[in-house]
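Heads up, the thing below is written out as structure tokens.
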Amino acid sequence: MAVAPVLTPRHRVPRSARALRERLPGRLPAAHAALLVAGEAEAFALTGTWAGAAAIVGAAPVAVLTPADDPFAALDDLPVLARDSDPGCAVAGGWFGVLGYALGDRVEHTVPSPPPGLGLPGALLGYYDHVLVCDAKGGWWFEALATPEREAALGRARDELAARLVARPRPRAVRLRDVRWRPPGPAGHRRAVGAARERIAAGEIFQANLCLRLDARLDGRPADLAAAAADVLGPTHGALLAGRGGTVVSASPELFLRRRGGHVLTRPIKGTAPAAADAAALSASVKDRAEHVMIVDLMRNDLGRVCTYGSVVVDALAAPVPGAGVRHLVSDVSGTLRPGVGDAELVRATFPPGSVTGAPKVQALRVIAELEGAARELYTGALGYASPVAGLELSVVIRTFELRGPRVQLGVGGGVTSGSDPGGELEECRVKAAPLLALGGAAVPSAGTARRTGEVDRLPLALSDGRERPDPALGVFETLLVRAGLAERLGAHLTRLAATIAAVYGMEVPRDLRSRVDAAAASLGDGRLRVDVNPDGTAGVTTGPVPVVERVVLRPVLLPGGLGAHKWADRRLLDALTEHLGGVPLLVDGDGAVLEAAWANVWVQEGGRLTTPVADGRVLPGVARAAELASDGDRAE
């Protein structure tokens, strides 16, 4: 799991503050709120129905979550409101940000996830002591959680934001290009749906929400993409969230949690049809209604963990509601929190959202990790705010673009039940993706055709019989060939190791590591050298002879998403597969793509030319592999 770089809070959250508001001149459509913070390194813009306002905008947080902080506990770290606070404030300030799906592992540890795509942080969360609010009538207000020491800074912030509002920034065109399904893509998704149905038939789960991803590149600013989404799609929980580790542009239609005082509400969405579909037919669909009712029951149970006995009720059940290019079934489930239950406990009890996991939730989380081909990052987490004025409001992070620089990923998925059809589930994903991609002038790419479908279906599953993916907590390593006291391609190995520990642990290579490797190699003479790095940053260097390999028998095995681009110290999966298969595991993805062997990259001779699988994040970018590609024109990815 990727970890964000350390961000030191600039200030601590004050113990008390006075909520104030001031009307500002200028008119700007609420849908264009994101343009007010375009280009800011840390900022947000919420549009739709948040806190009963048309838009909420913030920039320059005074505290930022660090990887060492508990993101759930931060939700309770809020100032007490002074008695002379303005009662007209909508939100005033608080914690704004996103809690990524992967944080669910802190709530209920299951199994390691497949490799991530962008390597986004687990959470992006900042404390903002001032915001701009657009009310339901289109008027703009400066609101703040004021303290004496911040008086001058708040005045400057008000003037700066007021100037931007008067300037009325205009949206610019954006383009999404190079849109493609991320492997294993549609073929892998169909296969995952089929596997989930088998798990359901075996009684392991009742439902699992399975997703797949699209990759693209953005030409333009994320703020303009967010403005386009708010303008065209009109989501109830639209958002732009920019942090130093990544950016989110969301057009979510789904409320995860809203707490006002002791009252809490969730509105799960489950059951989807194209917008042109008849609402009555969606309501009558046995598959969609069963899918929906299971999640409503799950959310009732989750709220029951923190609400007073008997207070959790279903206020509305399975109402067909129009969305962006689709119709959904939506329910209202509410309850009254037990005395003393704060936002941290509430979110922990219900996270990740039930509508994007499945039932039973813990086992569904395991099935998701085993069947999906890429790790969920911020997608399917929760986005919103915790405020001493407005309470708590979080959306489910669906219909959402995740960005790191110009790179974009878009997740789409749906609930799989015993009545699911793999082709129908894929079509639902296409329907959900189409209006989002259209914002950037792009269309959903073709699903293509699966390669070697029958052969792949007959492959043994790597993640069966209790086997799990490698655990990053056990460290990473590199092995180097040593000849005449020198480690070969040492620079390339250390570069790969540095990239790994930065992505996985958010750290740098120990400064003395190269000198230690040089000394160990000189002492060894000829042989193999191994460098192990632990999550705490400690590193060990060991030496030994080069293993003798006389004969290799490859045994293909299905592993969605592969092992990723890092060399994991945890070899339990590969060792167990070697013993179980009676040979070296040859990893194959759900789309039929051959990835790599247990301890080596793979080369295939085709028409007199050697080719190797593309290093697209699913395979280890081998050092010797890179050297071969660079030195010989008859070798290619």
Note, Cys211 side chain near Asn209 side chain (heavy atom, < 4.5 Å): yes
Polar side-chain atom of Arg469 near backbone of Ala369 as donor-acceptor pair, under 3.5 Å: yes
Donor-acceptor pair, side chain of Trp95 and main chain of Ala74, under 3.5 angstrom: yes
Nearest non-hydrogen partners of Thr247 and Pro222, listed with the distance: CG2-CB, 3.9 Å
From CA spacing to verdict: salt bridge (charged side-chain N to carboxylate O under 4.0 Å, His left out), Arg172, Asp219: CA-CA 11 Å; Arg172 305 174 188 173; Asp219 287 343; over 6 Å; no
Atom pair CG/CZ of Asn534 and Phe477 - distance to nearest 0.5 Å: 13.0 Å
Criterion salt bridge (charged side-chain N to carboxylate O under 4.0 Å, His left out) on Arg221 and Asp224, from CA distance to verdict: CA-CA 5 Å; Arg221 303 181 302 178; Asp224 293 300; 2.6 Å; yes
Side-chain heavy-atom pair Val531, Leu494 within 4.5 angstrom cut-off: no
Note: Asp616-Arg180 ion pair, threshold 4.0 Å (strictly below): no
Heavy-atom closest pair, residues Pro460 and Leu581: CG-CD2, 3.9 Å
Arg528 side chain reached by Thr543 side chain, heavy atoms, under 4.5 Å: no
Expected output: side-chain Asp591 to main-chain Gly188 donor-acceptor under 3.5 Å: no
Backbone of Gly119 reached by a side-chain donor or acceptor of Arg404 within 3.5 Å: yes
Sole candidate of Leu365, Thr380, Val107, Val396 that passes side-chain contact (heavy atoms from CB on, under 4.5 Å) when paired with Pro352: Leu365
Distance-minimising heavy-atom pair for Gly246 and Leu120: CA-CD2, 3.9 Å
Test item: Leu586 and Val594 side chains (from C-beta on) under 4.5 Å apart, heavy atoms: yes
Expected output: side-chain Arg376 to main-chain Ser113 donor-acceptor under 3.5 Å: no
Check: Leu573 and Glu468 side chains under 4.5 Å, non-hydrogen atoms: no
Test log, rule salt bridge (charged side-chain N to carboxylate O under 4.0 Å, His left out), inputs Arg489 and Glu478: CA-CA 12 Å; Arg489 303 188 179 102; Glu478 287 282 327; over 6 Å; no
Closest heavy-atom pair and its distance - Asp589, Pro560: OD1-CA, 3.3 Å
CG on Leu524 to CZ on Arg483, rounded to 0.5 Å: 12.5 Å
Spacing of Arg430 atom CZ and Leu212 atom CG [to the nearest 0.5 Å]: 10.5 Å
Atom pair OG1/CD of Thr357 and Gln363 - distance to nearest 0.5 Å: 12.0 Å
Electrostatic pair Asp532:Arg530 at N-O distance under 4.0 angstrom: yes
Main-chain N/O of Asp512 paired to Ser515 side chain as donor or acceptor, under 3.5 Å: yes
Arg407/Asp215 salt bridge by N-O under 4.0 Å criterion: no
Main-chain N/O of Leu620 paired with Glu596 side-chain donor or acceptor, under 3.5 Å: yes
From CG (Leu486) to CG (Leu480), nearest 0.5 Å: 11.5 Å
Steps toward side-chain contact (heavy atoms from CB on, under 4.5 Å) verdict (Thr612, Leu629): CA-CA 9 Å; Thr612 187; Leu629 288 171; 4.2 Å; yes
Worked check of side-chain contact (heavy atoms from CB on, under 4.5 Å) between Arg514 and Leu490: CA-CA 8 Å; Arg514 184 170 192 129; Leu490 176 56; 3.9 Å; yes
side-chain contact (heavy atoms from CB on, under 4.5 Å) between Glu204 and Val367, worked out: CA-CA 9 Å; Glu204 181 180 342; Val367 170; 3.5 Å; yes
Worked check of side-chain contact (heavy atoms from CB on, under 4.5 Å) between Leu554 and Val552: CA-CA 6 Å; Leu554 295 175; Val552 173; 3.8 Å; yes
Side chains of Asp69 and Thr66, donor plus acceptor under 3.5 Å: yes
Ring centers of Tyr128, Phe44 separated by less than 6.0 Å: yes
Short N-O contact, Arg348 and Glu108, less than 4.0 angstrom: no
Gly413 backbone acceptor or donor facing Lys432 side chain under 3.5 Å: yes
Note, Leu529 side chain near Val517 side chain (heavy atom, < 4.5 Å): yes
SB check Glu42 Arg244 (cutoff 4.0 Å): yes
Pairing of Glu377 and Arg213 as salt bridge, 4.0 angstrom limit: no
Sub-4.5 Å side-chain heavy-atom contact between Trp568 and Asp471: no
Minimal non-hydrogen separation, Ala228 against Leu439, with atom names: O-CD2, 3.7 Å
Side-chain (Lys567) to main-chain (Arg496) donor-acceptor, under 3.5 angstrom: no
Donor-acceptor pair, side chain of Ser252 and main chain of Val397, under 3.5 angstrom: no
Neighbour count above 12 (heavy atom, 6.0 Å) for Arg516 CZ: yes
Spacing of Trp603 atom CH2 and Glu628 atom CD [to the nearest 0.5 Å]: 6.0 Å
Where Arg555 and Gly583 come nearest, the two heavy atoms and their spacing: CG-CA, 3.7 Å
Tyr127 ring center near Phe96 ring center (under 6.0 Å): no
Test item: Val248 and Leu383 side chains (from C-beta on) under 4.5 Å apart, heavy atoms: yes
